[in-house]
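First the structure, in the form of structure tokens, and then the observations on it.
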Amino acid sequence: MRRSRAFIPTSKEVPNDATLPSHIFLSRAGFISQVGAGLYNYMPLAKKVIKKIEHIINEEMQNAGAQEVELSFVTPADLWAESARIEKFGKELLRFRDRKENLFVLGPTHEEMMVNLVRNRVNSYKNLPLNLYQIKTKFRDEARPRFGLMRGREFIMKDGYSFHSSYKDLDREFDAMEAAYKKILTRLGLDFRVVEADSGAIGGSGSKELMVLADSGEDTIAVCSKCEYGANIEAAKRSKRGTIPEAPEAEFNKFLTPDTKTIDDLAQFFKVDPYYTVKCVAKRVIYEDVSEIVLFFVRGCDNLQEAKAINATEALDIVDVTEEELAEIGLVPGFIGPLDQDKAKHVIDSDLKNAANMICGANEKEYHFVGVDLGVISEVAYFADIAEVNEGDICPHCDGTLSFTKGIEVGHIFKLGTVYSEPLKAEFLDENGKAQPFIMGTYGMGVSRLVAAVIEQHHDENGCKWTKATAPYMVNIMVSNVKDEAQVALGEELYAKLQDANVEVMLDDRKERFGFKMKDAELIGFPYTVIIGKELAGGNVEIYERMSTQKTEVPADAVYEKLMEMM
RNA sequence: CGGGGUGUAGCUCAGUAUGGUUAGAGUACUUGGUUUGGGACCAAGGGGCCGAAGGUUCGAGUCCUUUCACCCCGACCA
């Protein structure tokens, strides 16, 4: 491509709403343009990058034995009613009616559609397993789209669905997909981590997220310093503490504790480590038809992890409650404890099971219990893992310590089981001629989000740094002065030669100054820019490597070989 | 969905408190010239329904009402 003919509207101006590097540079470098909230046009450069990512995904999916399909974007709302997700998904589902007044939704994900495609067409265990996928535009009417391609309403996703006759086979496929996804991200040149995740609204058991590591990531992940363990903070586990602070010694007693409503106050009042205090987090737990106040107890040094709390209560959602609401049902904010707690349902963090020498609220204003042994309620109370891990906690798999890092979720794989096949009555006949619902897995990967993720991980203050696998053009030939015939001639020659070698190459033949074209090349982020300029008089040109920002001088007649070698 | 903000040239934004020539700047674009190793300089140009609708007024970018869009913080987020 000749730069003079290319549609690449670059700009020095930053869009006023862009804060993330990927958003800023993809806009400035002429990859994307916004048309509405969370809606973007892909211009030629972005389209090329997307195709490259799709190509790699396709190759790895073929290798893994998955077959590509493409399902209708507009999907009948009936299907969504069958799985009951039309309510669950809520306003994120964009609904509309056709001229015959039939209700449709724009597909935000395609579990129902894929199950519908397969049911009644695959009837026998002999035809399983089956793995079908598509790469397609999705639409989610996000309450608040932001961060450019990172969180758009319309986005491109690879979504795959596998069908099995046994859980064992699902496990095998799940592992195969994890391996394939790792391969894809490795080929794309990304630094990533596979982490354990919360299954969220989609349901199912096993769930892993593929996180591209970047400071701007929206997810916090806990990673082990020694082993491979990594988990989304919503799902992260830990071992029991290794070093436990010295326990306060006290007989069980009720103690007057005026004005000590916070853990800090309490720990200071008794001069104990917050480890030995019990924190109460009161929440309103929402179910389909009803809601109620539930008390969550964790150690004073811990915090409640809401995703875990939702799982522990099987709730749809959890919201804050006010002190007034608590007072209404006879609870005393600041002095709520788990002993003799009959005012509200409660969940106690499993780390508190049989914990001794504890201090907790006495459910009476200005009083706390000291010397509490929670062993007395270990048989009757409901214990669950509801505490959020902290940095420095011990890894659940080894003796390493956990630290936090930020990640961009670019892939999520689930073991769905029969969550969709059952309500949608998608069944096959097993070896005994008995009808069984398909056992399913689902595997998503955000293609447009990957475009942004590459830049989040690879950029500097001057612009994009595409990896070799994702670059829209591998080589940019910059003719410094287009009035210099020798420079132009060499540029054209190299341009033709590289094209013949099937290298994707851009020839910057514009009548612009050196600085302008150089800034432009850095902004766009070609992995290699050949600078044909002043040094040509001495027989040399330069190769500018974007990733390292190193310039290397090479003889003009060797530049082709040198480039081929570098790539 | 709650709270806040902004809509004026392709883009970034002045101008709006106090209504009054022909609505501005920078940048981008066109033409000519000078320049040619880090987004150059000079000159001349083109480009606007001041988000939309209604109203007040002799007169509205500016005041009032309605509406739409976009953005920010939060909630939400397979």
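Throughout, a chain's letter reflects where its sequence line sits, starting with A, and its residues are numbered from 1. Treat the numbers as computed from the prediction; the structure is a model and nothing was measured.
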### Query
Does Phe514(A) stack onto the base of G37(B), taking stacking as ring centres under 5.5 Å apart and planes under 30° apart?
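Stacking is present between G37(B) and Phe514(A), given that their ring centres fall under 5.5 Å apart and the planes under 30°.
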
Nearest-angstrom distance, [atom1] atom, [N] to [M]:
| N | M | atom1 | answer |
| --- | --- | --- | --- |
| A60(B) | U16(B) | C1' | 11 Å |
| G46(B) | U30(B) | C1' | 7 Å |
| G59(B) | G20(B) | C1' | 7 Å |
| U57(B) | U18(B) | C1' | 16 Å |
| U56(B) | C71(B) | C1' | 31 Å |
| A52(B) | C11(B) | P | 15 Å |
| U27(B) | C64(B) | P | 35 Å |
| G10(B) | G48(B) | P | 8 Å |

Could you check whether [X] gets within reach of a base, just the sugar-phosphate, or nothing at all, counting any heavy atom under 4.0 Å?
| X | value |
| --- | --- |
| Asp159(A) | nothing |
| Gln34(A) | sugar-phosphate |
| Ala143(A) | base |
| Gly444(A) | nothing |
| Glu542(A) | base |
| Lys517(A) | nothing |

Do [X] and [Y] have side-chain heavy atoms sitting under 4.5 Å apart?
| X | Y | answer |
| --- | --- | --- |
| Lys279(A) | Asp302(A) | no |
| Thr75(A) | Trp80(A) | yes |
| Val195(A) | Lys208(A) | no |

Can you tell me which nucleotide in [options] comes closest to the side chain of [X]?
| X | options | result |
| --- | --- | --- |
| Lys551(A) | U35(B), G37(B), G74(B) | G37(B) |
| Arg146(A) | C71(B), G37(B), C76(B) | C76(B) |
| Glu142(A) | C76(B), U35(B), C71(B) | C76(B) |
| Lys91(A) | G39(B), U35(B), C1(B) | C1(B) |
| Arg153(A) | U35(B), C70(B), G37(B) | C70(B) |

### Residues Arg153(A) and Asp141(A) bridged, charged N to O under 4.0 Å
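So Arg153(A) pairs with Asp141(A) through a salt bridge.
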
### Message
Under a 4.0 Å threshold between the charged nitrogen and the carboxylate oxygen, would Asp219(A) count as salt-bridged to Lys406(A)?
### Response
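No.
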
### Query
What orientation do Tyr181(A) and Tyr443(A) show, parallel under 30°, tilted 30 to 60°, or perpendicular over 60°?
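Geometry flag for Tyr443(A) against Tyr181(A): perpendicular rings.
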
### Task
May I ask you to establish whether Lys138(A) and Phe155(A) are in a cation-pi arrangement, using a distance under 6.0 Å from NZ or CZ to the six-membered ring centre and at most 45° from the ring axis?
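That pair does not qualify as a cation-pi contact.
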
### Message
A cation-pi test, strictly: NZ or CZ of Lys182(A) under 6.0 Å from the centre of the six-membered ring of Phe192(A) and no more than 45 degrees from its axis. Yes or no?
### Response
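Pair Lys182(A)/Phe192(A) does not count as cation-pi.
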
### Near-ring test Phe31(A)/Trp466(A), centroid separation under 6.0 angstrom
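Ring-ring flag for Trp466(A)/Phe31(A): true, centres closer than 6.0 Å.
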
Take the protein atom [atom1] of [X] and the nucleotide atom [atom2] of [N], then report the distance between them rounded to whole Å.
| X | N | atom1 | atom2 | answer |
| --- | --- | --- | --- | --- |
| Ile318(A) | C77(B) | CD1 | P | 12 Å |
| His23(A) | C71(B) | NE2 | C1' | 11 Å |
| Lys283(A) | A75(B) | NZ | P | 10 Å |
| Ile286(A) | C76(B) | CD1 | C1' | 13 Å |
| Arg151(A) | C77(B) | CZ | C1' | 5 Å |
| Lys511(A) | G32(B) | NZ | P | 9 Å |
| Arg510(A) | A28(B) | CZ | C1' | 13 Å |
| Arg513(A) | C42(B) | CZ | C1' | 13 Å |

Please enumerate all protein N or O atoms sitting under 3.5 Å from an N or O of nucleotides 9-12 of chain B, with distances to 0.1 Å.
{"residue": "U12(B)", "atom": "O4'", "partner": "Glu13(A)", "partner atom": "OE1", "Å": "3.3"}

#### Entry: First encountered from the 5' end of RNA chain B, between Asn481(A) and Glu218(A)
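Comparing both residues, the 5'-ward one is Asn481(A).
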
### Residue whose closest nucleotide on RNA chain B lies nearer the 5' end, Gly36(A) versus Gly515(A)
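Comparing both residues, the 5'-ward one is Gly515(A).
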
### Task
Show the numbers, then the answer: is there a side-chain hydrogen bond (donor to acceptor under 3.5 Å, both in side chains) between Asn232(A) and Glu209(A)?
CA-CA 8 Å; Asn232(A) 192 308; Glu209(A) 288 169 339; 2.8 Å; yes

### Query
Do any side-chain nitrogens or oxygens of Gln487(A) fall under 4.0 Å of OP1 or OP2 in U36(B)?
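So the side chain of Gln487(A) is outside the cut-off, no N or O lying under 4.0 Å from OP1 or OP2 of U36(B).
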
### Message
Syn or anti for A44(B)? Use the chi torsion, O4'-C1'-N9-C4 for purines and O4'-C1'-N1-C2 for pyrimidines, with syn inside 90° of 0.
### Response
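Here A44(B) takes the anti form, which means its glycosidic angle is more than 90° from 0.
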
### Query
So what's the dot-bracket for RNA chain B: Watson-Crick or G-U pairs under 3.5 Å, [ ] if a pair crosses, | if it pairs off-strand?
(((((((..((((......[...)))).((((((.....)))))).....(((((..]....))))))))))))....

### Query
Has Arg97(A) got more than 12 heavy atoms of other residues, nucleotides or ligands less than 6.0 Å from its CZ?
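Counting neighbours around CZ of Arg97(A), more than 12 heavy atoms of other residues, nucleotides or ligands fall under 6.0 Å, so yes.
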
### Query
Is Arg28(A) side chain donor-acceptor paired with the G39(B) base, going by distance under 3.5 Å alone?
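Indeed there is one.
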
### Any N/O donor-acceptor pair, Glu512(A) side-chain to G39(B) base, under 3.5 Å
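A donor-acceptor contact between them is absent.
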
### Query
Roughly how far, to the nearest 0.5 Å, is the CZ atom of Phe25(A) from the NZ atom of Lys465(A)?
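So the gap between those two atoms works out to 10.5 Å.
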
